[in-house]
Number of protein chains: 2
Amino acid sequence: MRKTFLFMDTVINKVDSKGRVSLPADYRAIVKELGSEIVCYRSLVSPCIEGCTEDLLEKLASEIEDSNDFFSQTQDDLTNLIFGDAKRFTFDSTGRIVLSEKLLKHAQIKDTAVFVGKGRKFQIWSPENWEKEEERIRAEVMKKRPVLNTRKTGENA
Amino acid sequence: MRKTFLFMDTVINKVDSKGRVSLPADYRAIVKELGSEIVCYRSLVSPCIEGCTEDLLEKLASEIEDSNDFFSQTQDDLTNLIFGDAKRFTFDSTGRIVLSEKLLKHAQIKDTAVFVGKGRKFQIWSPENWEKEEERIRAEVMKKRPVLNTRKTGENA
DNA sequence: TAAATTACCATGATATACCATAAATATAAA
DNA sequence: TTTATATTTATGGTATATCATGGTAATTTA
């Protein structure tokens, strides 16, 4: 029995004409062990689909509940957007989910999906958009490297 | 039951045509006792593979989660880079992991891997790159020696 | 009843687990 | 210290299980 649940790695899977994609096996294992479900929604800031376990959204909801004025109005609005957009995606016996037209369109995904782990969350990109995004991030992080290294979370040497 | 968990020493192992390498026995012992798994990713700054226990990344994920910063751009970038690249590597009954083509290429490893302990983390180098790196480190330390000596005598005084 | 959605089966490719042997290290006896 | 024995560790090869994916049947719902 494992004790850590992290979405990791970058996995490329095919999307068929009905929007079916295999959720990476590692991701499925996490969902299964947590006894939770996958929830997906359109990213608010990027042309990609964002996903996490229902547990995480539950936690987010509780936090907002518990610390009303701690959160800015902006963040409250953002969470509203997410909960309004989010939807459960159960996978069948072969491990596939069916992504909706709305999500696929937002991420500009046609026949190939790139799953990118983000720890508690993950993202689904089109190959083209992900390539651009990865480049942008690398440049950005290299620029900020000195700052990151002094931080405790700078475990990425 | 031991209480310290440090990756130490330098170990040279062979990499076969499928990318299989024996994880040094000492490293395996740590992972086993922690009940965790090995996670590897490309170093952001060096031509080497970096590894740690999943526990360590889990801590990082928790910190991000608890920082009430669900929508921060910088964190988004960081998590993408770290977790998007990282991957779990479980070892079989003989103690081997299978390194991916991506990692081997980044570290320029062909048939020999050099494991270098770094405390909570470790690195995997090609023999050639490691030789250079070790030299660089030695030179760097020698440059700083006068400073180190002053500090030591200052404390004793 | 037609369209759409969901669940199930089949297959090839890939990755994983296992077995056997060789090398290295540690332990015990001389 | 030297030699012999036992134990752990590293590595080559192979069988097995898992996974992604195309196709189809069953079920829903409009």
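Lettering of chains follows the sequences in order, A, B, ..., and the numbering in each one begins at 1. In this text the structure is predicted, and so the values were computed from the model without any measurement.
Nearest-nucleotide positions on DNA chain C place A/V98 closer to the 5' end than the other of A/V98 and A/T94.
Candidate nucleotides D/dT24, D/dG12, D/dT21 were compared by shortest atom distance to the side chain of A/S22, and D/dT21 ranks first. Here the side chain of A/R96 is nearest to one of D/dC19, D/dT21, D/dT11, namely D/dT21.
Rounded to a whole Å, the CZ atom of B/F115 is 13 Å from the C1' atom of D/dT9. A/L99 has its CG atom 15 Å from the C1' atom of D/dT21, to the nearest Å. Between B/L103 atom CG and C/dA15 atom P there is a gap of 13 Å when expressed in whole angstrom units. Rounded to whole angstrom, the span from the CD atom of B/E101 across to the C1' atom of C/dA15 amounts to 14 Å. When the P atom of D/dT11 is taken as reference, atom CD1 of B/I12 falls 11 Å away, rounded to whole Å. Spacing between atom CZ of B/R28 and atom C1' of D/dT8 amounts to 9 Å, rounded to whole angstrom units. Atom P of nucleotide C/dC8 and atom CD1 of A/I97 are separated by 18 Å, given to the nearest angstrom. Rounded to an integer number of Å, the gap from CZ of B/R20 to P of D/dG13 is 9 Å.
The residue B/D92 sits close to a base: some heavy atom pair falls under 4.0 Å.
Of the N and O atoms on the side chains of A/R120 and B/S62, at least one donor lies less than 3.5 Å from an acceptor on the other residue.
Salt bridge absent: A/R138 and A/E135 never bring a charged side-chain N and a carboxylate O closer than 4.0 Å. Electrostatic pairing of B/E128 and B/K132 does not count as a salt bridge here, judged by no charged N lying under 4.0 Å from a carboxylate O.
Side chain of A/Y27 to main chain of A/G117: a donor-acceptor pair is present (N/O by atom type, distance under 3.5 Å, no hydrogens or angles).
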